[in-house]
Asks: 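Sharing a structure, written as structure tokens. Questions coming.
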Amino acid sequence: MPDEKLQSPSGLPIQTVYRPNDAPVDYAADLGDPGSFPFTRGVQPTMYRGRLWTMRQYAGFGTAAETNRRFRLLLEAGQTGLSVAFDLPTQMGIDSDDPRALGEVGRVGVAIDSVDDMHVLLDGIPLERVSTSMTINATASTLLAMYVVVAEERGIPRDRIAGTIQNDILKEYIARGTYIYPPEPSLELIAEVFRFCAADVPNWNPISISGYHIREAGATAVQELAFTFANAMEYVRRATDAGLTVDAFAPRLSFFFAAHNDLFEEVAKFRAARRIYARLMRERFGASDASARLRFHTQTGGVTLQAQQPLNNVVRVAIQALAAVMGGTQSLHTNGYDEALALPTEEAATLALRTQQVIAYESGAASTADPLAGSYYVEHLTSELEEQARALLTRVDEMGGAAAAIAAGFFQEEIARSAYEFQLRVERGETVVVGVNRFSDGRDAPDIPTPDYSSLEREQVERVRAARARRDEKTVTAALDALRASATCYGDNGSRHQRPALMPLIIDAVRRRATVGEIANTFVEVWGRHAP
């Protein structure tokens, strides 16, 4: 007998069979052709027949020189875009020689202290032809400034560089914790980055609004959609309140989602995401179609990787990548099978890239747009996910929006509850994890060689101290003083319409070789640190 209580990972009941009445849709209103509002079927008319998704493998290893070497290997293997992982001190605005950085330098990504490190990181990479995504949030404005200065010092105009900074501070308060400043000045700094990119770096995405980290913290697909778009609406509102017109910046907004193991729910999630966003942007801000078009990067689910029988992760990643492609992603990172154990080896990273290439060139998934459209099951799931996500989003709106809901702990409590319930299902065996709670062979996880982090840390500390010794301290001090004076006009201290532009001052400080930590500390002096 079939299990009548079978549910999707988000708790949606699954029927044994789906028929036309289970998936009633108005083609023009709910689907439309690819490239047409509400973009359910994709953001481009020809989708991957016109251009494949960007194969953007995420990498960051200890020092800038080592990461540059990995970037070159990936580009030679056919990767089409860069994606930078930064270490925790860089994410938290702490220089590598700060005592608080001890033991963390280069551990989970590359250490970047000054623009000299950024030069090494990007050495030999044609910035006018390769786009770069940087997973950085609290210090995003500083890392963007460094990228701009590297291009400037190479003679590359700002309108020739392309990429994305994550710059999504709200999900840090929800799920990751790498925030520095309180919410109000942080949100205003993000609006300032929107303004700068729209005016000066037109091919740069000023934010990647992340559902990925929300999902990694234990959220369901429904929560991933609802909370991501709640955050998005907060950012758009803050930017318009700061005087920007929605169509001046919204076409460059980008998003970042996770792909997990349930193939059909994940495909439906991506389709529902485009429809939800298009409708929200039109309903709430009167946005044009260009501003309502959801473009997103996808990463396969890190939390789904298992240390036991790690080769099983190859299969998980392939299924997740296929879901992202059939769901219409614009760029994709596929995890290495050994990432549950250590930073991915070159072999695992190359195989992860090859997984994308097999899907692109051998599977047929890229041959036609939205290949699962019209499936009674997928259309039913798409509508169910939209309905439940919109209902949850309404609850956030009733609290006053994302910032207010975060302050009340609503997002955090909802995600914690979902994570706890999932773990209970795994422990009871109701949710099967192959090689973990079923089909286990009893073997220990294999050992994966790791870098000599102590040596990498010593090398990086020497680099940042040498960089300080070479610079003109008077000009650095003057640049930081100017930045401090302007920062006093942000947060609760100044009128929204009288705030000076911060990005040119950050760029000037970077150009004079101020470090990530010095710039962050300058803001802390004015804005303080966030205490949850």
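Just so it is clear, the model here is predicted, and its values are computed rather than measured.
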Asks: Do S291 and V236 have side chains that get closer than 4.5 Å, going by heavy atoms?
Replies: no
Asks: Judged by modelled atom types alone, do Q320 and T304 share a side-chain donor-acceptor pair under 3.5 Å?
Replies: yes
Asks: Where the side chain of W527 meets the backbone of S186, is there a donor-acceptor pair that is under 3.5 Å apart?
Replies: no
Asks: Are any of the side-chain heavy atoms of R395 and E414 separated by less than 4.5 Å?
Replies: yes
Asks: Do NZ/NE/NH1/NH2 and the carboxylate oxygens of R238 and E184 come within less than 4.0 Å?
Replies: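 The answer is yes: the pair qualifies as a salt bridge.
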Asks: Answer yes or no: are there more than 12 heavy-atom neighbours, outside R51 itself, under 6.0 Å from its atom CZ?
Replies: no
Asks: Are R293 and D289 close enough for a salt bridge, meaning some N to O gap below 4.0 Å?
Replies: no
Asks: N137 and Q91: side-chain donor and acceptor closer than 3.5 Å?
Replies: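 Their side chains do not contain a donor-acceptor pair, so the 3.5 Å distance test is not met.
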Asks: Using the test salt bridge (charged side-chain N to carboxylate O under 4.0 Å, His left out), find all partners of R284 that sit at least two apart in sequence or belong to another chain.
Replies: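 If we apply the salt bridge (charged side-chain N to carboxylate O under 4.0 Å, His left out) test to R284, skipping adjacent residues, the hits are D397.
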Asks: Apply side chain to side chain contact (heavy atoms under 4.5 Å, CB included) to the pair D87 and Q460, showing each step before the final yes or no.
Replies: CA-CA 12 Å; D87 70 355; Q460 186 60 27; over 6 Å; no
Asks: Specify the closest pair of heavy atoms between R252 and P206, including all atoms of both residues, with the distance to one decimal.
Replies: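 Between these two residues, the closest heavy atoms are O-CD, 3.4 Å.
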Asks: Side chain of N335, backbone of T300: donor and acceptor closer than 3.5 Å?
Replies: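 Yes, the answer is positive, given that a donor and an acceptor are paired below the 3.5 Å cut-off.
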Asks: What residue among T63, D117, D113 forms side chain to side chain donor-acceptor pair (under 3.5 Å) with S96?
Replies: D113
Asks: Considering all heavy atoms of both residues, which atom of G336 and which atom of L305 are nearest to each other, and what is their separation?
Replies: O-CD1, 3.9 Å
Asks: With a 4.5 Å heavy-atom cut-off, do R470 and D116 have their side chains touching?
Replies: yes
Asks: Please test D168 against S210 for side-chain hydrogen bond (donor to acceptor under 3.5 Å, both in side chains), starting from the C-alpha separation and ending with a verdict.
Replies: CA-CA 7 Å; D168 176 4; S210 176; 4.9 Å; no
Asks: Under the side chain to side chain contact (heavy atoms under 4.5 Å, CB included) criterion, do T90 and L143 qualify, and how do the steps go?
Replies: CA-CA 9 Å; T90 304; L143 273 296; 4.2 Å; yes
Asks: For the CG atom of N205 and the CE atom of M134, what is their distance to the nearest 0.5 Å?
Replies: 11.5 Å
Asks: What is the distance from atom CG of L187 to atom CG of L189, rounded to the nearest 0.5 Å?
Replies: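 Between atom CG of L187 and atom CG of L189 there are 9.5 Å.
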Asks: Should R279 and E386 be marked as a side chain to side chain contact (heavy atoms under 4.5 Å, CB included) after you check the CA-CA gap, both sets of side-chain angles, and the distance that decides it?
Replies: CA-CA 11 Å; R279 289 172 168 171; E386 179 183 21; 2.8 Å; yes
Asks: Would you check if there is a donor-acceptor pair between the side chains of E518 and T515 at a distance under 3.5 Å?
Replies: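 Side chains of T515 and E518: pair found under 3.5 Å.
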Asks: Kindly say whether H260 contributes a backbone atom to a donor-acceptor pair with the side chain of E266 at under 3.5 angstrom?
Replies: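 It does hold such a pair.
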Asks: Show your reasoning for whether side-chain hydrogen bond (donor to acceptor under 3.5 Å, both in side chains) applies to S141 and E192.
Replies: CA-CA 9 Å; S141 56; E192 156 69 1; over 6 Å; no
Asks: With side chains defined as the heavy atoms from C-beta onward, is the minimum distance between V396 and F410 less than 4.5 Å?
Replies: yes
Asks: Ignoring hydrogens, what is the shortest heavy-atom contact between H333 and R56? Give both atom names and the distance.
Replies: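 Nearest pair, atom of H333 first, then R56: CB-O, 3.3 Å.
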Asks: For the residue pair A403 and E234, what are the closest heavy atoms and their distance?
Replies: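 Nearest pair, atom of A403 first, then E234: N-OE1, 3.1 Å.
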Asks: If the condition is side-chain hydrogen bond (donor to acceptor under 3.5 Å, both in side chains), which residues does Y179 pass it with, not counting sequence neighbours?
Replies: none
Asks: If you measure from the Lys or Arg side-chain nitrogens to the Asp or Glu carboxylate oxygens, is any gap between E152 and R154 under 4.0 Å?
Replies: no
Asks: Ring pair (Phe, Tyr, Trp, His ring centres under 6.0 Å) between Y490 and F523: does it pass, once the steps are laid out?
Replies: CA-CA 10 Å; Y490 282 68; F523 287 139; 8.2 Å; no
Asks: With a 4.5 Å limit on heavy-atom distance, are the side chains of L385 and I276 in contact?
Replies: no
Asks: For E457 and G103, indicate whether the former's side chain and the latter's backbone hold a donor-acceptor pair under 3.5 Å.
Replies: yes
Asks: Residues in salt bridge (charged side-chain N to carboxylate O under 4.0 Å, His left out) with E413, at least two apart?
Replies: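 Once residues adjacent in sequence are excluded, E413 has no partner under the salt bridge (charged side-chain N to carboxylate O under 4.0 Å, His left out) criterion.
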Asks: Quick check: closest heavy atoms across Q166 and T135, and the distance to 0.1 Å?
Replies: NE2-CG2, 3.5 Å
Asks: Using the ring-ring contact (aromatic ring centres under 6.0 Å, His included) definition, which of the options W53, F257, Y277 pairs with F296?
Replies: F257
Asks: Please tell me if the side chains of L121 and M146 come closer than 4.5 Å, counting only heavy atoms from C-beta onward.
Replies: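 No, side chains not in contact.
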Asks: Counting C-beta onward and ignoring hydrogens, is there a side-chain heavy-atom pair between I161 and E128 closer than 4.5 Å?
Replies: no
Asks: May I ask you to decide if the ring planes of F256 and H297 are parallel, tilted or perpendicular, using 30° and 60° as cut-offs?
Replies: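 Correct class here is tilted.
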Asks: Begin from the C-alpha positions of F411 and N231 and carry the test side chain to side chain contact (heavy atoms under 4.5 Å, CB included) through to its verdict.
Replies: CA-CA 11 Å; F411 289 2; N231 289 347; 3.6 Å; yes
Asks: Please find the pair of heavy atoms, one from G124 and one from R72, that lie closest to each other, and give the distance.
Replies: CA-NH2, 3.4 Å
